[in-house]
Amino acid sequence: MASERESRELDTIACDVSTRYKSNEGRSAAAEEDTNKPLYGVTDVPPWYLCIILAFQHYLTAFGAIVAIPLILSEGLCLQHDRLTQGSLINSIFFVSGLCTLLQVTFGIRLPILQGGTFAVVTPTVAILSTPEWKCPAWTQNASLVNTSSPEFKDVWTTRLTALQGSIMVASVFQILLGFSGLIGFLMRFIGPLTIAPTIALIGLSLYDAAGAKAGTHWGIATIVLIILFSQYLKRIAVPIPAYSSTKKLHTSKLYIFQMMPILLGILVSWFICYILTISDVLPSNPSQYGYLARTDVSNAIRDASWFTVPYPGQWGVPTVNLAAVLGLTAGIMCSILESVGDYYACARLSGAPPPPSHAISRGIGVEGLGSLIAGAFGTGNGTTSFSENVAALGITKVASRAVILLSGVFMVLMGMLGKFGAIFTTIPAPVIGGMFLVMFGVIGAAGISNLQATDMHSSRNIFVFGFSMFSALVIPNWIQKNPQFLNTGVKEVDQVLHVLLTTNMFIGGFFGFLLDNTAPGTKRERGLFAWSKVDPEDSNTLESEEVYDLPFGITAFLSSYSWVRYIPFCPWRGHSSQHKSEDNKQKLII
């Protein structure tokens, strides 16, 4: 009897322990879920001071990538010795990025997602500008022979830039049609991780030459080391800064400054080191000596730049069109579309919004096409896309408010109108820029490869598809560049088109990835399509209803009064069913 009583007591204790464990486990899971939810949702508006701070942070997060694009293109545009025009290009791309951000958040996808220049368009642009008929004259490579105010020099770079402008504008029409027609949803059925991974990875890998050329002007400048130190080793260190509030008065607040702006800090510190080495005459003053380009006094761009400037369409001249450039840039824009669709889903998940419906995706891609059209008209030499870096920042700050991103867009517009602001960044020494490129392009390459996590990489099929796509995209462009005479069809325009496409690494990689992934036998799970199409409701942390994707100013309510609106791919339509409205109201009450 005693043993039975003891057994029952032990069972009771075990049951009590199990109950408590499950209760604690439930509380910890709930706590973990709460920490994943944003502090401010898409439609929330934080206090004004928090809006300003976070908007400026988003601006700084996008700063490195936006500045890098004009600096890369300046080589192919024969502008490497014209810092004043480089500064104008930087002003233009910031101005346009701000306009496109305002347009996208207000009328596009309606998520808190920043717009800016795209490296997917940089890659084919570099290939276009490296063709024999676009190569810069030899005299433009020599600083002593370049007179930046001469009509001859101006004709050299404006001819290239206006042709690039017109070609980007024509290529953007493809993106506009693809988005607003709703065809993007149909195409995404055939595009999986094995197409996207090599395409995006090759954007970064194909720019290794530009990074090496800049960094190689002085390998001793420690930009690379500093960015790695700040972004990886010091990111969890909080720096105390002075702050003031009505309750705490003057006090210190901890800020994870190294995590927020590692690239900007790396540039500023390296820039300052170069300045010290310049004024102390440690760096050589002879342009022919190694290390001269690390000096900070090689340009008078800041002195010559105007304080206030307003970029405008056609500022470099009347745009022209080149067929080879149009096709090459269209390939780049297609890659940008794939990247943006992925950013939309990631942004929705981090913002506590439901997965974007088809009408929102179509509208987002269509508005990005309009953004590329605007970028072409203003002469940035580039298109526009969603910034993955800023999407990642949402997960860090836990603030997913549209108001913050709109204010960040306003910041970029204002900065784009300050002429001396753009000129400042043209004085960044070449090795400092090269260090930034090494880190940035490496991360882009790795981000592309990370798409493979949705696939079964134990499959020999997938290993073959990815490996062949990547290696072919490195071999074929390299061989064509060394043997340009091979492409000789007898028709100059056809030769130009083939040369641009076959020397664009990401086009080759994306083409083979798409072809092999859709023709070689494989299951959806094996190809990663199942993981992409599956939505985990527990992982979405949904705080908003699908109304977050509605058009502003009551446009959705107005359009819903017309039944034919349901057939327009980019328009939300609610209908007149009171049942839907009551269900929506119930959902809001539950949330």
Side-chain angles (χ1 to χ4, degrees), residues 60 63-90 136 138-149 153 207-231 233-234 258 261-305 419-442:
L60 293 176
F63 157 83
I66 293 177
V67 168
I69 290 171
L71 297 178
I72 295 173
L73 296 181
S74 63
E75 298 282 340
L77 293 170
C78 319
L79 288 171
Q80 61 267 46
H81 299 302
D82 187 355
R83 302 298 178 91
L84 194 60
T85 304
Q86 287 182 34
S88 297
L89 285 173
I90 291 174
C136 296
W139 61 270
T140 61
Q141 311 299 310
N142 190 335
S144 61
L145 299 177
V146 173
N147 179 5
T148 57
S149 59
F153 176 73
L207 294 170
Y208 71 91
D209 192 46
K214 292 285 187 183
T217 55
H218 199 303
W219 287 105
I221 303 301
T223 313
I224 309 165
V225 176
L226 289 171
I227 294 176
I228 293 173
L229 178 67
F230 295 154
S231 65
Y233 296 98
L234 300 181
F258 298 114
M261 50 190 83
I263 292 178
L264 181 63
L265 287 175
I267 290 173
L268 291 177
V269 174
S270 299
W271 200 351
F272 181 71
I273 292 171
C274 289
Y275 173 73
I276 296 298
L277 295 177
T278 300
I279 62 175
S280 59
D281 285 330
V282 174
L283 295 171
S285 56
N286 186 349
S288 62
Q289 285 187 297
Y290 177 80
Y292 171 76
L293 292 177
R295 296 182 66 92
T296 58
D297 59 356
V298 297
S299 170
N300 296 318
I302 299 177
R303 184 195 65 192
D304 298 337
K420 290 194 182 295
F421 167 80
I424 287 173
F425 295 107
T426 66
T427 64
I428 302 175
V432 176
I433 297 170
M436 176 182 69
F437 285 176
L438 279 173
V439 175
M440 190 178 298
F441 299 156

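Judged as a ring pair (Phe, Tyr, Trp, His ring centres under 6.0 Å), and not counting sequence neighbours, the contacts of Tyr290 are His218. Partners of Ser280 according to the side-chain hydrogen bond (donor to acceptor under 3.5 Å, both in side chains) rule, which considers only residues two or more places apart in sequence or in another chain, do not exist here. In this view, Ala68 and Phe119, Met436, Phe437, Met440 satisfy the side chain to side chain contact (heavy atoms under 4.5 Å, CB included) rule, not counting sequence neighbours.
The heavy-atom pair separating Arg295 from Leu283 by the smallest distance is NH1-O, 2.8 Å. Taking both residues in full, the closest heavy atoms of Pro262 and Ile227 are given as O-CG1, 4.1 Å, listed atom of the first, atom of the second, then distance. Residues Asn286 and Tyr292 come closest through the heavy atom pair O-CB, 3.5 Å. In terms of heavy atoms, Ala294 sits closest to Thr278 at O-OG1, 4.3 Å. The shortest non-hydrogen separation linking Trp219 to Ile224 is CZ3-CD1, 4.4 Å. Contact detail for Phe153 and Trp139: the closest heavy-atom pair is CA-CH2, 3.8 Å.
Looking at Leu89 and Ser74, their side chains never come closer than 4.5 Å, going by heavy atoms from C-beta outward. Looking only at side-chain heavy atoms (C-beta outward), Leu265 and Leu226 stay at 4.5 Å or farther from each other. Counting heavy atoms from C-beta on, the side chains of Leu229 and Phe258 never come closer than 4.5 Å. In this structure the side chain of Thr296 reaches within 4.5 angstrom of the side chain of Pro429, judged on heavy atoms.
The distance from atom NZ of Lys214 to atom CG of Leu438, rounded to the nearest 0.5 Å, is 12.5 Å. Taking CG from Leu79 and CG from Leu84, the interatomic distance works out to 10.5 Å, rounded to the nearest 0.5 Å. Considering CD of Gln141 and CD of Glu75, their distance stands at 7.5 Å, rounded to 0.5 Å. In this structure, CG on Asp82 lies 10.0 Å from CG on Asn147, to the nearest 0.5 angstrom. In this structure, CD1 on Ile424 lies 9.0 Å from NZ on Lys420, to the nearest 0.5 angstrom.
A distance-only check finds no donor-acceptor pair linking the side chain of Thr140 to the backbone of Cys78 [under 3.5 Å].
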Checklist line | Check against side chain to side chain contact (heavy atoms under 4.5 Å, CB included), Ile267 and Ile428 | finding: CA-CA 8 Å; Ile267 290 173; Ile428 302 175; 4.2 Å; yes

